Amino acid sequence: EPEVTQTPSHQVTQMGQEVILRCVPISNHLYFYWYRQILGQKVEFLVSFYNNEISEKSEIFDDQFSVERPDGSNFTLKIRSTKLEDSAMYFCASRDRRSNTEAFFGQGTRLTVV
Amino acid sequence: TQLLEQSPQFLSIQEGENLTVYCNSSSVFSSLQWYRQEPGEGPVLLVTVVTGGEVKKLKRLTFQFGDARKDSSLHITAAQTGDTGLYLCAGPKRGQNFVFGPGTRLSVLP
């Protein structure tokens with residue numbers, strides 16, 4: 001069964017360093033998302049991406065964040081200068097253009113900023 | 001603002017018991033999804049309900065979408081320890097992204 005895959009599963013980084021989280025969405029899906037979940041808190045929307053551009057972003061997604069789909073398969077989230085409060089699980093999701101109802105999530109990357 | 005609330009926040013029951021958890025909003029949603037999330041993992045889609053009043057069954061799980069499409073419930077019959085997890089409801093916001101409820105954390109004790 002097709003699935004969304006994310007790498008790495010766990011990333012530890014020093015404050016101020018740049019990190020890139022990688023996602024391979026389900027092939028033939030056209031909408032891509034990044035969400036994050038701080039430990040014990042809600043799943044929060046960060047950004048959606050369609051047709052090679054950001055279609056919507058939340059207030060969390062500030063200038064330190066960027067997304068890219070460099071090669072038609074990978075979908076990446078970059079955090080330029082990590083802060084302690086960026087520590088969270090980051091989930092990638094994708095959706096088929098034929099459905100506006102269901103998004104499928106990856107297993108997540110646990111980012112720990114020290 | 002389209003917000004989803006879930007209740008109860010926590011639920012601890014014995015194996016074999018029945019339970020119902022709820023997802024509510026003051027807004028109408030075109031659909032609602034239920035996910036289950038286990039610690040350290042991503043949300044796994046259980047079901048999508050689309051039509052007001054719709055009932056869907058997934059083995060021991062019964063999902064219902066309210067007639068007005070503002071609420072949904074998940075009923076589990078004869079809970080098992082494997083049902084333990086965080087149950088999340090989510091719905092599509094205006095635009096393209098999904099908004100999540102805070103979840104119900106279910107513990108099924110042996």
Side-chain angles (χ1 to χ4, degrees), chain A residues 1-7 9-10 21 23 25-26 29-51 53-61 67 88-97 99-112, chain B residues 1-10 21 23-25 27-52 54 56 58 63 65 69 72 85-107:
Chain A
E1 186 173 322
E3 59 181 15
V4 177
T5 56
Q6 291 185 242
T7 55
S9 57
H10 192 185
L21 310 183
C23 169
I26 295 172
H29 280 193
L30 295 180
Y31 295 91
F32 313 113
Y33 307 87
W34 283 101
Y35 285 79
R36 80 171 185 191
Q37 186 178 34
I38 295 171
L39 186 63
Q41 297 187 24
K42 285 179 66 166
V43 176
E44 300 175 292
F45 168 73
L46 292 178
V47 66
S48 58
F49 192 86
Y50 170 71
N51 201 25
E53 61 183 18
I54 291 173
S55 48
E56 193 170 353
K57 60 183 180 179
S58 72
E59 61 276 8
I60 302 169
F61 194 89
V67 290
M89 283 286 283
Y90 286 81
F91 296 108
C92 172
S94 69
R95 175 166 72 81
D96 184 334
R97 70 173 173 185
S99 165
N100 68 348
T101 58
E102 298 173 340
F104 295 88
F105 284 78
Q107 290 290 80
T109 293
R110 179 175 298 283
L111 177 65
T112 303
Chain B
T1 303
Q2 291 177 283
L3 292 176
L4 287 168
E5 298 178 346
Q6 291 188 246
S7 61
Q9 187 178 359
F10 298 98
V21 299
C23 174
N24 296 286
S25 176
S27 303
V28 175
F29 280 84
S30 59
S31 67
L32 282 178
Q33 291 78 52
W34 284 92
Y35 294 84
R36 185 171 79 200
Q37 184 182 25
E38 300 194 27
E41 298 186 9
V44 176
L45 180 67
L46 297 175
V47 81
T48 298
V49 286
V50 179
T51 307
E54 181 177 12
K56 279 191 174 178
L58 188 66
F63 303 85
F65 201 13
R69 292 186 287 128
S72 181
L86 179 67
Y87 289 82
L88 297 162
C89 67
K93 268 187 68 174
R94 292 181 193 86
Q96 296 177 32
N97 76 72
F98 294 81
V99 61
F100 279 80
T104 291
R105 189 165 298 281
L106 172 66
S107 295

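A note on names: the letters A, B, ... follow the listed sequences, proteins ahead of strands, and every chain is numbered from 1. Every value quoted in this text rests on a predicted model; they were computed, and no experiment measured them. Atom set for the values below is all heavy atoms of this structure, side chains included, hydrogens, waters and symmetry mates excluded.
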Show the numbers, then the answer: is there a side chain to side chain contact (heavy atoms under 4.5 Å, CB included) between A/F45 and B/V99?
CA-CA 7 Å; A/F45 168 73; B/V99 61; over 6 Å; no
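Between B/P43 and A/F105 the shortest heavy-atom distance is O-CB, 3.5 Å.
In terms of the side-chain contact (heavy atoms from CB on, under 4.5 Å) criterion, residue partners of A/T5 (sequence neighbours excluded) are, by chain and number, A/E3, A/V24. Among residues two or more places apart in sequence or in another chain, the side-chain contact (heavy atoms from CB on, under 4.5 Å) test is passed with B/S7 by B/Y22, B/N24.
Between B/Y35 and A/Y35, the ring centre distance reaches or exceeds 6.0 Å.
Residue B/E5 qualifies as open at atom CD: its count of foreign heavy atoms under 6.0 Å is 12 or below. Environment of NZ in A/K57: sparse, with no more than 12 heavy atoms of neighbouring residues, nucleotides or ligands closer than 6.0 Å.
Chosen from A/M89, A/Q41, A/R110, A/Q37, the residue pairing most often with chain B at heavy-atom distances under 4.5 Å is A/Q37. Of the listed residues B/G40, B/G91, B/G103, the one with more heavy-atom pairs under 4.5 angstrom with chain A than any other is B/G40.
Annotation: side chain of B/F98 is in contact with side chain of A/R95 (closest heavy-atom distance under 4.5 Å).
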